[in-house]
Structure formats: structure tokens, C-alpha cells
Amino acid sequence: SSLTSAVHSLYLSFYFQRYFLVGSNHAQTKHRVLKIDRTEPKDLVIIDDKHVYNQQEVRELLGRLDQGNRTKIGQKGSSGLSRAVLAFGIVGFVRFLEGYYIVLITKRRKMADIGGHSIYKIEDTTMIYIPNDSVRVTHPDEARYSQTVLDSYDFAFVFCSYSYDLSHSLQYNLTLLQRPYEQGSSAASSTEEEVHTQSKQDSFDIFEDEGLPTKVVYGLYNEPYYKYVWNGKLLERVKDIVHHDWLMYIIHGFCGQSKLLIYGRPVHITLIARRSSKFAGTRFLKRGANCEGDVANEVETEQVVHDASVMSFTAGSYSSYVQVRGSVPLYWSQDISTMMPKPPIRLDQADPYAYVAGLHFDQMLQRFGSPIIILNLVKKREKRKHEKILSEELYRAVVNLNQFLPPSHCIDYIAWDMARYTKSKLCNVLDRLSMIAENVTGVLRTNCVDCLDRTNTAQFMVGKCALAYQLYALGMIDKPKLQFDTDCVRLFEELYEDHGDTLSLQYGGSQLVHRVKTYRKIAPWTQHSKDIMQTLSRYYSNAFSDADRQDAINLFLQVYQPSEAKPHLWELPTDLYLHQTSTMAIPQDRRSYTLWWSEGVLSYLPVPYDEVPCEENMKKVKVKRMNQLDESIDIYTEFFKPYELTSFDDTFCIAMTNSAREFMPKTVGADPNPFTVRKPEETGKSVLGSKSSKEETVLQRKTAASAPPPPSEEAISSTSEDDSEEDREDEGTVSQRSTPIKLLTESGESSRTQEVFQHHMAKEPYGLNLAEFPSEDDLLIYQREPVSRFPEDSIYGVLPPQVDKNSREVFESHVMTGQGQVRALCREDMLMYREYIKNRYM
């Protein structure tokens, strides 16, 4: 099991000479103390005794510090220990021109849950200066550097977790849990015992004479994948000094989760996007690749689908699919000095042997294995060469690299001019993308020029195809096919649009310009004006604010470290030399042009090298022998938080997007199946928001008594996967599973319309017009006959719920205990009570 950090909340106390950072777990039973020296003007001095305090010990420690630092005993004032701020984690330590700052998380919000592991969005941070005023050496440009980070760097898209490694994929994290650790666990456990010494009282066991065994499990802690970690440099100074519970690695990108209800069975669809911290920046300032193979706007998107009725990783059903987007891996850029909407593309450096592309695809082979599939959406036919320059160079690079790979592991290259097909009235763009997605087996790398609009739509179509196979593998559907205009696909489309808007804001400065509805050609006429506004917003951001955002990213990632011997960041004409290390020094070792992959990668393909249990990878994992009920591996405590006072209505699982609440029609007779094809106006959102139109309000679904039975799954799967606008018009406006009825006559009787509209509120929930008086025949039957001759009060036979034997025994034991008749304790009860005593009081 993965280890949960013991530092979930912390508070910062200080006096003149030191800061004391006290970290606590959920139950406030385990505490750690970090001491930070404030007398050093430009150096960072941190002391971690790596001791776990209980609540009484930490109170006594802080009490002694408070009393010892007062001028007089019993005097209250600023001379004692003062409490500064309450926080939820440490982002890191940063220094500009004066002393160090500590960056703390002060506000968070839960965004997703995977296997009981919570994922939080960091909503606010604070940056506290460490040295005290007496030793502070002021610098006139310090404030400008600090304000650049605070004002321009956006913490709204940063995510963290206390128990789940967000920098790795779900496949990698589950692969670690399935490895055998019996051989290497003894050495790891001995080192942990040296660090965490226990007193005799802590090791005392009141059950040791009974010989009851304690189940041992292995707690795992592994190093993150630093390419997707954004505070790795900020924690570099302290990661070898402090305990790993203090280290919280954050990612930058997107995280969203929605609940798909399949006849009451909850299925969570999670989307996690990890933005690379290498060669990171804004749209026109970061293009192509650097000398190490890192590309601009590189984002790894993972969609996780799991049955939420079972929480744990060991017993639950989980499925994951990963896609990658990133700029074309070549040396290219665009000159923005001309203030043109589309600056000309230029190749900055000749690379005939595809050296930089080889470095990039070598990283992908190590992380994902083979095959790697490239979907290039860049234009291929233009009157004046613009995007075509990139298509030609990328094709040459892939051909050159593939000639040295084995045929079974070659890079698949798919080039498709998506923009040209969009303008054609004879071609359906989404149908073509669906065909590509059906033939993909492996990790798909999608790119256009910006990797924003076209790329997001292509990734959505591939993700939609993968979602069908994921639900099919989990046993939720009988065929791996999903159609548009279903609650499931609408939920997934909304999740992907939020994902695309977020990534577009980070890199391009505006939301998406072209969405899935644009390529389906069903976007409303108001969408055109919105697209124009987003284009103008993107142009304004690129022209005026991208430079400040780029400076903030370079400072936060420590790509540029201020120094009095260097020119200031805002004085540099370009940051090319900061991201291209080869421009500052000649590389000593240069990789072969033919054997362009790393050593050992090729021998394990198609398995990714990072998941191979070799000696190099095993060094990144720390193993610790632990008790089964230890709090640091207890997912129950992490998820339910039994020590906190919470409200059921405020829990995350209630507030998250729900397919039944947000997308299912709010009418009687509507099929609750989320895979039913519906009309665009039939969603729950549109029904609630379109009550201004009287005619649309009158058009309702048939009642539950007159609704037709749902068709078979074969009838649903026989229709086209991607229904275009023309297909829906040919088929009519009637959906497959619910038929609308028109209550207005051809002549348009106004009085009848008004009457139907007045009694609509009663007709919708009950299925009857309660204002109509019963007929005389019905009244005679009611007077001389009983209401019903059926033994039950329904036309359907209702059976009492079945209770299993174990539930009956638990209930009978509960009743007997209330009457004073306590049954004898069994072996399992003794084990449970033993663990409770050890964890609670020892």
C-alpha cells in the first residue's frame, strides 16, 4: 500500500530567532516539528529531528518554548511564541536577492478521488520571509521579483495529493503495489527503525502473551517523475534533510471528476492533465523543442474510469488510458515582433539526423513503451508555406529514426490535415477521427501548431473511443460503442471542454476557440461571436501579458536564479540561453545518431523501461514493514476523515457533476439509461433553463404508463457512432427511447393551449391531468366496486428485501448486547481490539 503523508495540516509559530512548523495528521495524534533558523540573512538552515510527537508532547514542547522566550515569566506579549498562519502543506523555499521565503498552501479544495486517495486543488498560497528584520539585508529589486511570482504566476491550476503520486500514471502506481517486496524489505525496515526510535512504553504489547499474530503489510514511498513536478527545484535544498512526510510534490495542469450513474451504480470518470515543467512557457515564446528533447506545451492527459462502489485499489476495478500532446519536436519558432496574428514559422537550426526528435521519443519509449503513435494535424496544402514546413520536417525525422528501430517497435506516423477537412462539406471530421481512434493501440501523441483547439477535439474523439472500451472492460456495456447525444458522452464532452479551456488558458491566454460542437456543425449562432472574442483575447494576451507570465514561470521553476552578478530577468532580451543549455557549454558526451535510445530501453519493449523492476528503478522505491491497521496506510481514515466534523451535503461526492442530476431529462417516462440517444434540448440543464418559451414547455414526454419499452442494445449499436446534423434531420426529431407528443392542434386553439399550460405542473409529475373531471362510467364503477381487487397495492409484484445470514447475526448480537447479553469474544474480536489499543493509546 502507498504511504499517506502524516502532515495534512500545519501551523507556523515563531519567535525572534526561529520559526517552528508543526505538522499534524488527520486525527491530530501524530505530530512532527520543523525548526527554521531566522538569524541567517541569506542561508537556509532547517533542523528536523525526525521524531513523531503525540499531542501531549507537542503541547509541552511549544509551552516550554513560549515560556522560555518571554522576558518575564507570566508576561503576555509579542516576546513569546506567536502563531503566524495555518496551512495545509509546503510548496517549497525560494530565494531572490535577499533571504529565503517559505511558500505555504493556505487554501485547498477537493477535486477528485481515486481509490480513496483525495486530490486537491491549491486555491491560495502565502509567501513568508524567513530572516528577521535585524539581520535582513535589503535590496531595491527584491520586491519586484517577489511581486512577479505572486501576481503573474497562476496557482489556480496547481494540484496535490497526500497519498497518491500525481506525477505518475495509474498503471505505474498499481504496478508498484503488485511487486514482491519480501527480499528488500528487511534492509528498508531496519533503516526506518533507526530513524524512528521507539520508547519501551511505545513498544509494550498487552497481548504479547496470547500469541496473537499481527498482519504485516508493506508501505511504499517512491520518487516522483520530476518532469511533471513543478516545485522540485523549490524542495531541492531540503529533500535530503527533512522527512519525506514534509515533501508535497505538486503538478500543474487540470484535474476533474464526474459521476456517471448507470441505473444507480456509480462510475467515476476522472481526467488528469500533467503539464511538463521542462521547456515550459507561453504560446509564442515557447515553440518546438530544446536541446534535451523537451517540447513546449507538453501535456500528458490520463482518463481514469473506475467502479466507485468499491473503493480500494486491491478489490476495485480500474481502467486508465493516457494521451500526450506537445509541440512539434524540432528547432523552430515564430517571430512576434511584427505584431501579426500568424507570425511566419522559421526553422532555427538544421537537424538532418533528427537528434532532438530522437531525444524526445527516447523519453516517450522509457515512460510509455511501444508502440508510439504520432497524429500530426498540421496543414499539408497551403498556397504559401506556413504549417507545411513543420509537416515535412517531422516526416523526415520519423523516417530517419525508424530505420534504426526494429520493425515491431517502429514509430507509427499518421498525418491528417484536419483544418482542410473541416472546410469540406462532403467530409465528416469526427467520423474520420473515430476511424483513427479505432485503429490506435498504444500511446497517441497528438499535435497541431498550437496544440490547443484541433488537438483537444482529436483527443476528445480518441478519449471517447477509449471510454467505450473502458466501460466495456468494466462490464458496464455489452459492446464497446458510445454514441453522441447520450448522457454519458455529454458528461465526457463537458469534462473534456473544461480540460481544453484550462490548458488553453495556461498556454494561449484564452479559452478554446473551436470546440467539439464546432466540428460537429451544431454550434449555436451565438458561438461565432464568442469565438471572435476568444481570438481577440488570445491575441491580446500573446502581445502584452505573455512576457510577464513567462518571467514568473522562469522564476518559479528556478530556470533563472537572480544574482547580483547577473543582469535582471526583465533586462534579458530573450530566455533562449536559460532553456537551451547547449548554448552555454559544449556537451561532453553526444548520443549516437543510429543508437538514439537509452541503454536498456530496447531490450524490454514493448514494456516501458520505467516500469521494469530493475536495480535502477528499485532504488527509487522505499519499502517499510508496517502493521495492517497503521494510520499511514489506512485509506478509510484518509477518505472518510472520522475525526473531523463534516456535513453530508458538503461532501465532495455529493457536489461533483452527476449524469442523472445534470444531464438526464427531468420528465416522467424518460429512460434513466445514460447510453440512450436524446435530443439536444432534452438534457436536464436545457430543460431547466428553457422555461421562457411556452411552446417548448408544452412539448413534454409521454407519461410513464404510455411510454414505449426501451429497445435492445443491438438496435442502439446499429446506428452510426458519430451522428451528424444531417443524419439527425433525416431520422426526425424523435429520440429512440422517448417520443414527444404535441398537445397543440393544427389550427392552434389558444384556449386549449392556455389550459394545458396551466395544468402542466400537475401533469408532469403525475402523468395525469388532474383538472379533468372523471367520466360517469368511472364514477359508477368507483361507487359499486372496490378500488382494487389485487392483493398488493401495485400492478407489479413486490418482494420483501432479502437479508443475508451475516447481517442477521450482527443485528441479533446488537439487540442482545442492548439487553445485557454479551456474546463471547472470538479471535477476530481480540485482534481488532488489540490493534485499536495499540493505535489509540500507545
### Message
Under the criterion side-chain contact (heavy atoms from CB on, under 4.5 Å), I'd like the reasoning laid out for Asn400 against Arg396: C-alpha separation, chi angles, the key distance, then a yes or no.
### Response
CA-CA 6 Å; Asn400 181 76; Arg396 294 193 192 101; over 6 Å; no

#### Entry: Trace of the side-chain contact (heavy atoms from CB on, under 4.5 Å) decision for Tyr145 with Val94
CA-CA 11 Å; Tyr145 279 111; Val94 61; over 6 Å; no

### Query
Where do Tyr469 and Glu438 land on the side chain to side chain donor-acceptor pair (under 3.5 Å) test, with the steps shown first?
CA-CA 10 Å; Tyr469 280 93; Glu438 287 288 344; 3.1 Å; yes

#### Entry: Stepwise side-chain contact (heavy atoms from CB on, under 4.5 Å) check, Arg275 with Asn297
CA-CA 7 Å; Arg275 181 175 292 279; Asn297 196 21; 2.7 Å; yes

### Message
Please evaluate residues Val149 and Phe96 with respect to the criterion side-chain contact (heavy atoms from CB on, under 4.5 Å), reporting the C-alpha separation (whole Å), side-chain torsions for both, the decisive distance (0.1 Å), and the verdict.
### Response
CA-CA 11 Å; Val149 176; Phe96 303 121; 3.9 Å; yes

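More than 12 heavy atoms of other shown residues, nucleotides or ligands fall within 6.0 angstrom of atom NZ in Lys227. Within a 6.0 Å sphere centred on OH of Tyr172, heavy atoms belonging to other residues, nucleotides or ligands number more than 12. No more than 12 heavy atoms of other residues, nucleotides or ligands sit less than 6.0 Å from atom OH of Tyr421. Counting non-hydrogen atoms of other residues, nucleotides and ligands closer than 6.0 Å to OH of Tyr472 gives a total of 12 or fewer.
You'll find the side chain of Ile373 reaches within 4.5 Å of the side chain of Ile414, heavy atoms only. Considering only heavy atoms from C-beta on, Phe404 comes within 4.5 Å of Trp597 through its side chain. Here the side chains of Val324 and Phe368 are in contact, with some heavy-atom distance below 4.5 Å. Looking at Gln550 and Thr282, their side chains come closer than 4.5 Å, going by heavy atoms from C-beta outward. Looking at Ser163 and His117, their side chains come closer than 4.5 Å, going by heavy atoms from C-beta outward. Looking at heavy atoms from C-beta onward, Arg325 lies in side-chain contact with Asn456 at the 4.5 angstrom threshold. Side-chain contact between Tyr321 and Leu467 is absent, with no heavy-atom pair separated by less than 4.5 Å. Residues Ser327 and Trp332 are in side-chain contact: their nearest non-hydrogen atoms beyond the backbone lie under 4.5 Å apart.
Between Trp230 and His252, the angle of the ring planes lies from 30° to 60°, which puts this pair in the tilted group. Using a 30° and 60° split on the angle between ring planes, Tyr221 and His244 fall in the parallel class, below 30°. A perpendicular orientation is assigned to the rings of Tyr318 and Phe313, their planes being inclined by more than 60° (bins at 30° and 60°). Classification of the Tyr249-Tyr226 ring pair by plane angle, with boundaries at 30° and 60°, yields perpendicular.
For residues 593-606, there are no salt bridge (charged side-chain N to carboxylate O under 4.0 Å, His left out) pairs, not counting sequence neighbours.
A side-chain donor from one of Gln470 and Gln303 sits under 3.5 Å from a side-chain acceptor of the other. Between Tyr609 and Glu616, the side chains place a donor N or O and an acceptor N or O closer than 3.5 Å (distance only, hydrogens not considered).
With Phe93 as the aromatic partner, Arg237 does not meet the cation-pi criteria of under 6.0 angstrom to the ring centre and within 45 degrees of the ring axis. A cation-pi arrangement is found for Lys566 relative to Tyr560, the charged atom lying closer than 6.0 Å to the ring centre and inside a 45° cone about the ring normal.
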Please report, to 0.1 Å, the donor-acceptor pairs under 3.5 Å made by any side chain of residues 285-292, with sequence neighbours excluded.
{"residue": "Lys286", "atom": "NZ", "partner": "Asp575", "partner atom": "OD1", "Å": "3.1"}
{"residue": "Lys286", "atom": "NZ", "partner": "Asp575", "partner atom": "OD2", "Å": "2.9"}
{"residue": "Arg287", "atom": "NE", "partner": "Gln334", "partner atom": "OE1", "Å": "2.9"}
{"residue": "Arg287", "atom": "NH1", "partner": "Val449", "partner atom": "O", "Å": "3.3"}
{"residue": "Arg287", "atom": "NH1", "partner": "Asp450", "partner atom": "OD1", "Å": "2.9"}
{"residue": "Arg287", "atom": "NH2", "partner": "Gln334", "partner atom": "OE1", "Å": "2.6"}
{"residue": "Arg287", "atom": "NH2", "partner": "Asp450", "partner atom": "OD1", "Å": "2.7"}
{"residue": "Asn290", "atom": "OD1", "partner": "Glu292", "partner atom": "N", "Å": "3.2"}
{"residue": "Asn290", "atom": "OD1", "partner": "Gly293", "partner atom": "N", "Å": "3.3"}
{"residue": "Asn290", "atom": "OD1", "partner": "Asp294", "partner atom": "N", "Å": "2.9"}
{"residue": "Glu292", "atom": "OE2", "partner": "Thr581", "partner atom": "OG1", "Å": "3.4"}

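In this structure, Tyr577 has no ring pair (Phe, Tyr, Trp, His ring centres under 6.0 Å) partners at least two apart in sequence or on a different chain. The side chain to side chain donor-acceptor pair (under 3.5 Å) search around Arg274 returns Glu300, Glu302, not counting sequence neighbours. For Asn447, the side chain to side chain donor-acceptor pair (under 3.5 Å) partners are Asn376, not counting sequence neighbours. Tyr162 meets the side chain to side chain donor-acceptor pair (under 3.5 Å) test with Arg108; sequence neighbours excluded.
With His243 contributing its side chain and Asp245 its backbone, the two residues share a donor-acceptor pair below 3.5 Å.
Residues Thr457 and Val516 come closest through the heavy atom pair OG1-N, 4.3 Å. The two residues Ala357 and Pro329 have their closest heavy-atom pair at CB-O, 3.7 Å. Taking all atoms of both residues into account, the shortest heavy-atom contact from Thr301 to Ala273 is OG1-CB, 4.1 Å. A pairwise comparison of heavy atoms in Cys255 and Ile272 identifies SG-CG1, 4.2 Å as the closest pair. The two residues Ser504 and Leu452 come nearest to each other via the heavy atoms CA-CD2, 3.8 Å. Of all heavy-atom pairs between Lys380 and Ser391, the closest is CG-OG, 4.3 Å.
For the side chain to side chain contact (heavy atoms under 4.5 Å, CB included) with Ser167, the qualifying choice from Asn173, Asn222, Val229 is Val229, the only one to do so. With Met418 as the fixed residue, the side chain to side chain contact (heavy atoms under 4.5 Å, CB included) test singles out one of Leu377, Leu375, Thr455: Leu377.
By the 4.0 Å N-to-carboxylate-O rule, Lys342 lies too far from Glu382 to be salt-bridged with it.
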